[in-house]
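To start, the structure under review is shown below, and the notes come after it.
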2 protein chains.
Amino acid sequence: MKYQDDPFKGNFDSLEEFADRISDLLQCPITIEDANHRLIAYSAHDDYTDPARTATIISRRVPEKVINSLWKKGVIPALLSSQEPLRIETISEVGLGNRVAVSIWKNQEVIGFIWALETDRTLSKDDLELLKKAAKAAKNKVLQLYMRRNKREERVQEFFWKLLTGHITANEEIKENFDFLQIPTAPLFSVFVFRFANDITSDIEKQISYILQTTQQIQVLLYTVDRSDFILLAAPKSTRQPLAECNQFIASFATKMKERFHIANIQSSFGGIYETFEYIEKSYKEALTVLSMKEKFPAQTASIYGYQQLGIYQFFDLLLEKKRQGELTNSALAKLQAYDEKHHTNLIETFEVFFDHDSNVNETAKALNIHPNTLSYRLKRIAEIGEIDLHDMNQKVKLYIDIKLAKYEASH
Amino acid sequence: MKYQDDPFKGNFDSLEEFADRISDLLQCPITIEDANHRLIAYSAHDDYTDPARTATIISRRVPEKVINSLWKKGVIPALLSSQEPLRIETISEVGLGNRVAVSIWKNQEVIGFIWALETDRTLSKDDLELLKKAAKAAKNKVLQLYMRRNKREERVQEFFWKLLTGHITANEEIKENFDFLQIPTAPLFSVFVFRFANDITSDIEKQISYILQTTQQIQVLLYTVDRSDFILLAAPKSTRQPLAECNQFIASFATKMKERFHIANIQSSFGGIYETFEYIEKSYKEALTVLSMKEKFPAQTASIYGYQQLGIYQFFDLLLEKKRQGELTNSALAKLQAYDEKHHTNLIETFEVFFDHDSNVNETAKALNIHPNTLSYRLKRIAEIGEIDLHDMNQKVKLYIDIKLAKYEASH
DNA sequence: CTTCATTTTGTGGAAATCCACAAAACTAAT
DNA sequence: ATTAGTTTTGTGGATTTCCACAAAATGAAG
């Protein structure tokens, strides 16, 4: 073969041209992605037989389910650990036909991928060698792209911090910046904070970034790092049930971080979901509030991520303050505490769990491992001793809050 | 009859002597009470046949049920409006035998009563005339007693105000004063405030004082007047269910004020129930808080009198403050409001009532006059639209509070 | 007026809750 | 050890709640 020596020597104006060149040589459709599976370039080809490729080109990124599937089959980990081309068998569930992939390296790091589809023909051993060379040749082109992106990235970072700290408040100004920096906008957004056990290294940052770039559950607008916090401005896809989407996203983020990069112990939260950009700072603060409350009341807030779901914990700080001033006392609680102390009973815990289970006798009994009748006896006792009407929400709530506050104070 | 001219001319050392003198003349047991039915004096008489008299002497005041009964039969109103002696038939339910009573007057005001029991004999017309004279003669003696009491009263008032405003805080000092002024002490106490529609005139003050002196539901320690507020330090009788007793007292106080003196529209409250005197100021402030909340949230707090029962309204001021700073928003509420607005539905009201009825579907449906299934449909809708879990107390409470706050803000 | 989506009401049966009563277990004293 | 008081568990049955499904009513938009 004539081209064997240096088939990619010439200078290419664009990566598109480069993709076409590979495609020519190998006689198959070529797709080039960056490290986050965003489409960088693809060869012109009249071939609609591979749905995965089509979808990738249309949305300018690899569909999430395809990525997930490639992770599960071990394809991506393999590509990330070797410079050799890798043949991938058809994965029909996600519309992926037979293909060969090779990673593009810069020093010790993968900065992109080249995909060659084996639609018409199966690649030979020589072809794979050629693909490997193509990957090497692509390096500089892809790098340039990164450089440009990085420059932009710096300005974006600065802008994001201004938003988070409330240094830009005029909605118009914010919008202009969004447009200027070509950040997509969305009707609804919220600020997410992921707090890691340790400071976030650039490695981890890349991994997080990878997951964010490849997720499609949520639209990522901006993100930055603050010591051990990864801060993210993101938008739910639908406006109907945004909360649910945000929660799902958080759950799947944690799963992926754990499964793919073995990083656990991430405290996640998000603030209020708002429509206008002035509220970015607020949403950020709220996300931090959630984290702070998760720290103070870990058990109660374990399954809470959104500021909305924080419920009454939203103003617990305020109440703690008031309690410290001695202005919040509850004689019902005092009596119950005294009784518990004296008789070694568990009235307070009982009430707490009862409240947490929405006043459902059966569930509470199960949670406490006691007979339902035992529970109802205790409740009767609580009502008597504390002189509290257990059908009066008002009093129940008050008692509950006071119990929580007392517990917190006792442990601090 | 020889004594007819001036049977009570001589000087009597004490009212006891005076009572014995009347008893001698009329040949029947005599009891003298002040305007509040406290025992002032009684004739020595070996007669246990009249339980009402015996009880009065033992406890140094007329039993409350006797007073109630006398009011119901119209006896006391009659005595308060006429200087003539009045014959009262046996009221066996309260152990009251046949007797004659006459009121003691000073100017236009009744300052006491003389009771003559017709145990051995029925009094003649002449006897009644004599009794009337006795009442006139008793006036000065009784007045002296009042004067003495009034002097003490002034010092007591000053002391009470010091307590209410926190100008005496040392428990020892407070106790000394209690002892010195011969105010009874009690293991538990609370400050009550009765707020009248207008400033309290001395007439009304007397009427209130009358009711307080005659009540036995609660032990009155101190009271004073502040414009339209009647402020009372009182102690529940039992330590087991003090709250219940305080509530009963308030209810019966209102009833009596209305039935006996035709004064309605009294806003009543009481603060926390405490054991040590340092908390008098606090209890007073709490009672005022209750009144203020009753003003702000009349419907919700209509049946609330004690600070304990205020429940979450205890810190509504704090939350209102926070809300004003724009730090409390609730997107669930916002969505529900928007929906209600657009579709002319009642989701918010529905939720509110549902919460107030302890999440009981049937009761709520009755209260709203809708079919239970309608309610459950609406609840499902609320959960969807507001993205709120109706089995999560936390979220429910938060929404409820936000609704209340929003309502309050909207109406102010 | 019609149409479509939403809301309200009705029905029935499985599941659960509630309550009274009683026996058993446990505890803290004498 | 006995006893009295409190707490826990068990049983059974009347009542209520919950849910799915369907029919009817309402109401806004074309």
Side-chain angles (χ1 to χ4, degrees), chain A residues 238-241 332-393 395-396 399 403, chain B residues 238-241 332-393 395-396 399 403:
Chain A
S238 90
T239 55
R240 287 189 67 94
Q241 311 245 304
L333 174 57
K335 283 186 198 163
L336 292 173
Q337 270 171 334
Y339 195 91
D340 271 357
E341 184 97 357
K342 192 170 173 190
H343 297 82
H344 310 291
T345 47
N346 295 9
L347 297 186
I348 289 181
E349 187 202 0
T350 303
F351 175 82
E352 217 182 323
V353 178
F354 180 63
F355 188 92
D356 277 329
H357 287 82
D358 196 32
S359 304
N360 181 310
V361 174
N362 255 318
E363 280 182 37
T364 312
K366 259 179 223 158
L368 288 169
N369 282 320
I370 56 174
H371 195 279
N373 286 357
T374 305
L375 176 60
S376 71
Y377 170 75
R378 285 193 194 167
L379 291 175
K380 209 176 293 169
R381 229 55 240 299
I382 290 170
E384 278 175 26
I385 295 167
E387 278 201 282
I388 162 178
D389 178 0
L390 286 178
H391 290 293
D392 182 345
M393 273 296 200
Q395 295 180 45
K396 274 200 283 191
L399 179 57
I403 289 176
Chain B
S238 91
T239 55
R240 288 188 67 95
Q241 311 245 305
L333 174 57
K335 284 186 198 163
L336 291 173
Q337 271 172 335
Y339 195 91
D340 271 356
E341 185 97 356
K342 192 170 173 189
H343 297 83
H344 310 291
T345 46
N346 294 14
L347 297 186
I348 290 181
E349 188 202 0
T350 302
F351 174 82
E352 217 181 325
V353 178
F354 180 63
F355 189 92
D356 278 329
H357 288 81
D358 196 32
S359 303
N360 182 309
V361 174
N362 255 318
E363 280 182 37
T364 312
K366 260 178 223 156
L368 288 169
N369 282 320
I370 57 173
H371 194 279
N373 286 355
T374 305
L375 176 59
S376 72
Y377 171 76
R378 285 194 194 167
L379 292 174
K380 210 177 291 170
R381 230 55 241 298
I382 290 170
E384 278 175 28
I385 294 167
E387 278 201 281
I388 162 175
D389 178 0
L390 285 178
H391 290 293
D392 182 344
M393 271 296 199
Q395 294 181 45
K396 273 199 284 189
L399 178 57
I403 289 176

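For clarity, every value in this text was computed on a predicted model and none was experimentally measured. Within every chain, numbering begins at 1; the chains are lettered A, B, ... in the order of the sequence lines, protein sequences first and strands thereafter.
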Item to check | Sequence neighbours excluded - ring-ring contact (aromatic ring centres under 6.0 Å, His included) pairs with any residue from residues 336-356 of chain B | outcome: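 Sorted result for residues 336-356 of chain B: B/Tyr339-B/His343, B/Phe355-B/Tyr400.
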
Checklist entry - By side-chain contact (heavy atoms from CB on, under 4.5 Å), which residues pair with B/Ala367, not counting sequence neighbours? => result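 Only B/Val353, B/His357 meet the side-chain contact (heavy atoms from CB on, under 4.5 Å) criterion with B/Ala367.
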
Next on the checklist: How long is the straight-line distance from OG of B/Ser376 back to CG of B/Leu390, given to the nearest 0.5 Å?
Outcome noted: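 Atom-to-atom, B/Leu390:CG and B/Ser376:OG are 11.0 Å apart.
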
Checklist entry - Can you tell me how far the OG1 atom of B/Thr374 sits from the CZ atom of B/Arg381, to the nearest 0.5 Å? => result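 Atom-to-atom, B/Thr374:OG1 and B/Arg381:CZ are 14.0 Å apart.
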
Checklist entry - So what is the end-to-end bend of the helix from C/dC1-D/dG30 to C/dT30-D/dA1, with 5 pairs used at each end and the value given to 10 degrees? => result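 End-to-end axis angle: 40°.
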
Atom [atom1] of [X] to atom [atom2] of [N]: distance rounded to whole Å?
X: B/Leu390; N: D/dC19; atom1: CG; atom2: C1'; value: 16 Å
X: A/Ile385; N: D/dG5; atom1: CD1; atom2: C1'; value: 13 Å
X: A/Glu384; N: D/dT7; atom1: CD; atom2: C1'; value: 13 Å
X: A/His343; N: D/dT7; atom1: NE2; atom2: P; value: 6 Å

Next on the checklist: For chain A and DNA chain C, what are the first and last nucleotides along the strand, 5' to 3', with at least one atom under 4.0 angstrom from a heavy atom of the protein chain?
Outcome noted: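 First and last nucleotides in contact are C/dA16 to C/dA28.
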
Next on the checklist: For DNA chain C, which residues of residues 358-382 of chain A approach it to below 4.0 angstrom with any heavy atom?
Outcome noted: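 DNA chain C contact set from residues 358-382 of chain A: A/Asn360, A/Val361, A/Asn362, A/Asn373.
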
Next on the checklist: Could you report the tightest heavy-atom contact between B/Lys335 and B/Glu387, atom names first, then the distance?
Outcome noted: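 Minimum heavy-atom contact is NZ-OE1, 3.5 Å.
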
Checklist entry - What heavy-atom pair brings B/Leu333 and B/Ile403 nearest, and what distance separates the two atoms? => result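 Smallest interatomic distance, heavy atoms only, reads CD1-CG1, 3.7 Å.
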
Checklist entry - By side-chain hydrogen bond (donor to acceptor under 3.5 Å, both in side chains), which residues pair with B/Asp358, not counting sequence neighbours? => result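 A/His391, A/Lys396.
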
So [Y] and [X], do their side chains get closer than 4.5 Å, heavy atoms only?
X: A/Arg378; Y: A/Ile370; answer: yes
X: A/Thr364; Y: A/Val361; answer: no
X: B/Glu349; Y: B/Leu368; answer: yes

